K.L.:
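Just dropping this structure here.
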Amino acid sequence: GGKCSNVLSGHSSWVTQIESWGSNTIVSGSADRTLSLWDPRVSSTPLFVLRYHKAPITDMLVGSRTDPLMVSAAADGTIATWDFRVLSQSPDESKSSLQGRRSKSIRDPKLSVVHSGEPTRSSTAGQVLLCRSILNPETSVLSIGPDAVVREW
């Protein structure tokens with residue numbers, strides 16, 4: 001049988017999304033409302049934890065290693081754009097991990113919008129999904145939510 005070669009621990013609830021960014025970075029989203037960036041060569045705990053959304057992460061788009069932007073969506077209807085280039089320059093709200101290593105906690109995305117156009121009072125507006133725009137894949141993102149409307153951002 002197969003053997004587990006690595007274990008990454010840091011989320012407090014089930015992982016809803018996982019993507020690679022380049023050859024050494026893993027990005028995960030979770031029902032714990034956070035996104036984590038990992039480099040398993042360095043640590044089994046996240047290097048950065050992104051804490052903006054108020055509901056479980058429902059989708060994320062991660063570009064290539066030369067595209068430093070990531071877009072995340074959550075069940076509260078929020079969509080956030082994160083710039084990997086400025087994460088290390090962001091104010092540090094470090095949090096100790098289980099192994100004693102500190103993960104840098106970031107709360108402010110580069111840009112945020114609400115899929116429906118209006119903030120929801122509820123922590124769950126429904127699942128929001130993302131995809132790259134066909135006409136402008138490098139500069140636009142499409143979102144669809146429970147309102148059955150596709151919006152381009």
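The shown structure was predicted, so the numbers you read here are calculated from the model rather than taken from an experiment.
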K.L.:
Are the side chain of Gln17 and the backbone N or O of Thr58 linked by a donor-acceptor pair below 3.5 Å?
P.N.:
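Yes: the side chain of Gln17 pairs with the backbone of Thr58.
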K.L.:
Under 3.5 Å, is there a donor-acceptor pair linking the side chains of Thr78 and Tyr52?
P.N.:
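Side chains of Thr78 and Tyr52: no pair found under 3.5 Å.
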K.L.:
What's the shortest heavy-atom distance between Pro56 and Arg33, and which atoms?
P.N.:
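Taking every non-hydrogen atom into account, N-CG, 3.8 Å.
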K.L.:
Just wondering, do Leu37 and Phe84 contact through their side chains at under 4.5 Å, heavy atoms?
P.N.:
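They are in contact (side-chain heavy atoms under 4.5 Å apart), so the answer is yes.
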K.L.:
Please answer: with hydrophobic residues joined when any side-chain heavy atoms are less than 4.5 Å apart, are Leu61 and Leu135 in the same cluster?
P.N.:
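In one cluster: no.
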K.L.:
As an exercise, state the distance from CG of Leu129 to CD1 of Ile79, rounded to the nearest 0.5 Å.
P.N.:
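Result: 10.0 Å between the selected atoms.
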K.L.:
Is it the case that the side chain of Asp59 and the backbone of Ala73 share a donor-acceptor pair, with hydrogens and angles ignored and the cut-off at 3.5 Å?
P.N.:
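Side chain of Asp59 to backbone of Ala73, a donor-acceptor pair under 3.5 Å: no, none is there.
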K.L.:
Do the side chains of Arg151 and Val113 get nearer than 4.5 Å, heavy atoms only?
P.N.:
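Val113 vs Arg151: side chains apart.
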K.L.:
Do Ile57 and Val71 belong together in a cluster built from hydrophobic side chains that touch within less than 4.5 Å?
P.N.:
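No, no single cluster joins them.
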K.L.:
Does His11 offer a backbone N or O that forms a donor-acceptor pair with the side chain of Asp32 under 3.5 Å?
P.N.:
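Pair absent, no side-chain N/O of Asp32 close to backbone of His11.
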K.L.:
Determine whether Leu50 and Val62 fall in the same hydrophobic cluster, where Ile, Leu, Val, Met, Phe, Trp and Tyr are linked whenever their side-chain heavy atoms lie under 4.5 Å apart.
P.N.:
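Shared cluster, yes.
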K.L.:
I need the single residue from Ser36, Pro46, Pro40 that forms a side-chain contact (heavy atoms from CB on, under 4.5 Å) with Ile26. Which is it?
P.N.:
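Testing each of Ser36, Pro46, Pro40 against Ile26, the sole residue satisfying side-chain contact (heavy atoms from CB on, under 4.5 Å) is Pro40.
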K.L.:
Following the transitive rule for hydrophobic clusters with a side-chain heavy-atom cut-off under 4.5 Å over Ile, Leu, Val, Met, Phe, Trp and Tyr, establish whether Leu111 and Trp153 coincide in one cluster.
P.N.:
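Different clusters: Leu111 never reaches Trp153 through Ile, Leu, Val, Met, Phe, Trp or Tyr contacts under 4.5 Å.
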K.L.:
Would you name the heavy atoms of Leu130 and Ser143 that are closest together and state the gap between them?
P.N.:
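Heavy-atom minimum between the residues: CD2-CB, 4.0 Å.
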K.L.:
Do you know the tightest heavy-atom contact between Ser103 and Val49?
P.N.:
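Answer, listing the atom of Ser103 first, then Val49: CB-CG2, 3.8 Å.
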K.L.:
Taking the side chain as everything from C-beta on, heavy atoms only, tell me whether Asp147 gets closer than 4.5 Å to His115.
P.N.:
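The answer is yes, as the side chains (C-beta and beyond) meet within the 4.5 Å cut-off.
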K.L.:
Looking only at heavy atoms, what is the nearest atom pair of Val15 and Ser28, with distance?
P.N.:
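Taking every non-hydrogen atom into account, CG1-CB, 4.1 Å.
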K.L.:
What closest approach, in Å, do Ala55 and Ala74 show between heavy atoms, and which atom pair accounts for it?
P.N.:
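What the structure gives for the nearest pair is O-CB, 3.6 Å.
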K.L.:
Taking Thr45 for the side chain and Gly10 for the main chain, is one N or O donor matched with an acceptor at less than 3.5 Å?
P.N.:
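No: the side chain of Thr45 does not pair with the backbone of Gly10.
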K.L.:
Under a plain distance cut-off of 3.5 Å, with no hydrogens placed, do Ser133 and Glu152 share a side-chain donor-acceptor pair?
P.N.:
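Ser133 and Glu152 do have a side-chain donor-acceptor pair below 3.5 Å.
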K.L.:
When you measure from the side chain of Asp83 to the backbone of Lys110, do you find a donor-acceptor pair of N or O atoms at a distance under 3.5 Å?
P.N.:
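No, because the side chain of Asp83 does not come within donor-acceptor range (under 3.5 Å) of the backbone of Lys110.
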K.L.:
How long is the span from the OG atom in Ser20 to the CH2 atom in Trp38, to the nearest 0.5 Å?
P.N.:
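Answer rounded to 0.5 Å: 15.0 Å.
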K.L.:
Do Met60 and Trp21 land in one hydrophobic cluster if side-chain heavy atoms of ILVMFWY residues count as linked below 4.5 Å?
P.N.:
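In one cluster: yes.
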